[in-house]
Amino acid sequence: MEAVLILTEAKKHLVTIANQTYQKGLTPGKSGNISIKIKNTSRSSDVILITPSSVALRDVNLNNVIVTDLNGKQLEGEGIPSSELQMHLAIYKRREDIGAIVHTHSPYATGFSFTDKKIPRLEGFGPIKEPYLEEIEYATPGSSELVELASSGLKREDVLILKNHGVVAVGPDLDEAVLLAEFTETSAKTGFIIDLLKD
C-alpha cells in the first residue's frame, strides 16, 4: 500500500510540474517531456514515470502519465510514452544519482542552440569551471544517436544544450531538475542581453 501511495503522489507531482512548465513557456505546443525515477516500488524494481507522446504538457493528467520499467516496458498509462523515453532511460542508467529529467524547448535557450553562440554559465550553476554550458551536436529527436550523445554528455553535467533542439536538465528530484531548466532559460536571456549590449 505504501508503494502505491508513493507512486500516486509522484504522478500528482509530475502532473503539476508538467502543467506549470507549459504555463511558463518552457515547453510550447506539444514539445518537451519530463520523467521521474521511483526506486524500490511494489514491483520490486525501479520504475519510470514519463509524460506521454503527442500530448501538450498542459494536458498531462493522472490517467495519461506513463509508467515503464527500466527497459522501457509500459506498465501503466493511457497512450504511449514520450518519443524520448530511450534517452531518459539511458541517462538514468548512466547516473544513479539522477531522480528526474526535464527536457524543454524554451525559446531563448533553444534559440542559442540554433546559432554558434554559447549560453554563459552563471554563478547559479555552482562554481564556474567552464565559461559556457555544455552543448552536443545535433541528432534526430528520438534517435539512438541522440540517446548516446545526451547520456554521454550528462555524465559530468547536470544540464545540456541539444544543438538545434532544446535543453535537458537533470537533478536528484523533479523540483531540482525543473529549477535548473528554468535557470538555464534565464541564463540564455542574460546571454542574449549581454550580446545586445556588446554591440
Side-chain angles (χ1 to χ4, degrees), residues 3-27 31-41 43 45-53 55-62 64-72 74-77 81-106 109 124-126 133-134 136 141-142 146-147 150-162 165-187:
V4 173
L5 181 60
I6 290 172
L7 194 61
T8 300
E9 290 304 310
K11 284 182 180 180
K12 289 179 180 178
H13 192 43
L14 180 64
V15 168
T16 298
I17 295 298
N19 297 165
Q20 290 175 352
T21 301
Y22 180 91
Q23 291 164 3
K24 291 176 181 178
L26 299 178
T27 55
S31 70
N33 36 78
I34 296 174
S35 70
I36 304 174
K37 181 171 74 173
I38 306 295
K39 295 184 176 181
N40 303 319
T41 68
R43 302 178 191 276
S45 63
D46 298 348
V47 297
I48 304 300
L49 277 59
I50 191 165
T51 50
S53 178
V55 174
L57 294 196
R58 71 177 183 187
D59 297 325
V60 173
N61 57 57
L62 290 176
N64 61 23
V65 170
I66 306 295
V67 180
T68 78
D69 63 18
L70 284 178
N71 294 316
Q74 187 166 334
L75 306 172
E76 293 181 22
S82 165
S83 60
E84 303 290 8
L85 172 63
Q86 294 304 318
M87 179 181 73
H88 287 246
L89 294 173
I91 293 168
Y92 286 125
K93 289 174 182 176
R94 292 246 179 165
R95 283 185 50 187
E96 286 291 323
D97 62 312
I98 292 175
I101 300 168
V102 177
H103 171 40
T104 67
H105 291 188
S106 50
F125 290 103
L133 297 185
E134 187 72 19
I136 60 170
L146 179 59
V147 169
S151 59
S152 295
L154 286 163
K155 279 182 180 178
R156 293 174 298 277
E157 297 283 346
D158 289 337
V159 63
L160 195 62
I161 308 304
L162 311 181
H165 187 165
V167 176
V168 177
V170 304
D173 55 49
L174 187 51
D175 291 330
E176 288 297 317
V178 76
L179 279 174
L180 186 54
E182 291 173 357
F183 189 65
T184 300
E185 179 66 358
T186 298
S187 297

Check your understanding: Is the closest side-chain heavy-atom distance between Val102 and Glu176 below 4.5 Å?
Key -> no
Study note, to complete from the structure: All heavy atoms of Ala100 vs all of Ala177, minimum pair found to be O-CB, 3.9 Å
Exercise for review: Apply salt bridge (Lys or Arg N to Asp or Glu O under 4.0 Å) to Arg94 and list each qualifying residue two or more places apart in sequence or on a separate chain.
Suggested key: Glu148
Study note, to complete from the structure: Note: Leu75 and Val47 closest approach over all heavy atoms is CD1-CG1, 4.0 Å
Sequence neighbours left out, cut at 3.5 Å: what donor-acceptor pairs do the side chains of residues 84-92 make with other protein atoms?
unit_1 : atom_1 : unit_2 : atom_2 : d
Glu84  : OE1    : Gly142 : N      : 3.2
Glu84  : OE2    : Gly142 : N      : 3.4
His88  : ND1    : Ser35  : OG     : 2.6
His88  : NE2    : Asn33  : OD1    : 2.7
Tyr92  : OH     : Ser35  : O      : 3.2
Tyr92  : OH     : Ser35  : OG     : 2.7

Study note, to complete from the structure: Test side chain to side chain contact (heavy atoms under 4.5 Å, CB included), reference Leu49, set Val15, Ile34, Val65, output is Val65
**Study point:** Shortest non-hydrogen contact from Ala181 toward Ala169
**Key:** N-CB, 3.8 Å
Point to revise | Rounded distance [0.5 Å steps], OG1 in Thr68 versus CD in Glu76 | key: 10.5 Å
Check your understanding: Pick one: which of Asp175, Thr8, Asp173 meets side-chain hydrogen bond (donor to acceptor under 3.5 Å, both in side chains) with His13?
Key -> Asp175
Study note, to complete from the structure: For Thr184 and Val167, the nearest pair of non-hydrogen atoms, with its separation, is CG2-CG1, 4.0 Å
Review point. About how many Å separate CZ of Arg58 and OG1 of Thr21, when rounded to the nearest 0.5 Å?
Key: 14.5 Å
Exercise for review: Determine, stepwise, if the pair Leu62 / Lys12 fulfils side chain to side chain contact (heavy atoms under 4.5 Å, CB included).
Suggested key: CA-CA 7 Å; Leu62 290 176; Lys12 289 179 180 178; 3.8 Å; yes
Check your understanding: How far apart are the C-alpha atoms of Val178 and Gln20, what are their side-chain angles, what is the distance that settles it, and do they pass the side chain to side chain contact (heavy atoms under 4.5 Å, CB included) test?
Key -> CA-CA 10 Å; Val178 76; Gln20 290 175 352; over 6 Å; no
Review point. Can Ile136 and Leu146 be said to form a side chain to side chain contact (heavy atoms under 4.5 Å, CB included), step by step?
Key: CA-CA 9 Å; Ile136 60 170; Leu146 179 59; 4.1 Å; yes
**Study point:** Shortest non-hydrogen separation from Val60 to Asn19 and the atoms involved
**Key:** O-ND2, 3.4 Å
Review point. CD1/Ile48 to CD1/Ile101 distance, rounded to the nearest 0.5 angstrom?
Key: 7.5 Å
Check your understanding: Please walk me through it: do Asp158 and Arg95 pass salt bridge (Lys or Arg N to Asp or Glu O under 4.0 Å)?
Key -> CA-CA 10 Å; Asp158 289 337; Arg95 283 185 50 187; 2.8 Å; yes
Point to revise | Ser106 side, atom OG; Glu185 side, atom CD - distance, nearest 0.5 Å | key: 3.5 Å
Exercise for review: Considering non-hydrogen atoms only, spot the tightest contact between Val168 and His103 and give its length.
Suggested key: CG2-ND1, 3.8 Å
Review point. At what distance, to the nearest 0.5 angstrom, does CG of Leu70 lie from CG of Asp46?
Key: 5.0 Å
Study note, to complete from the structure: Separation between CD1 (Ile161) and CG (Leu133), nearest 0.5 Å, reads 5.0 Å
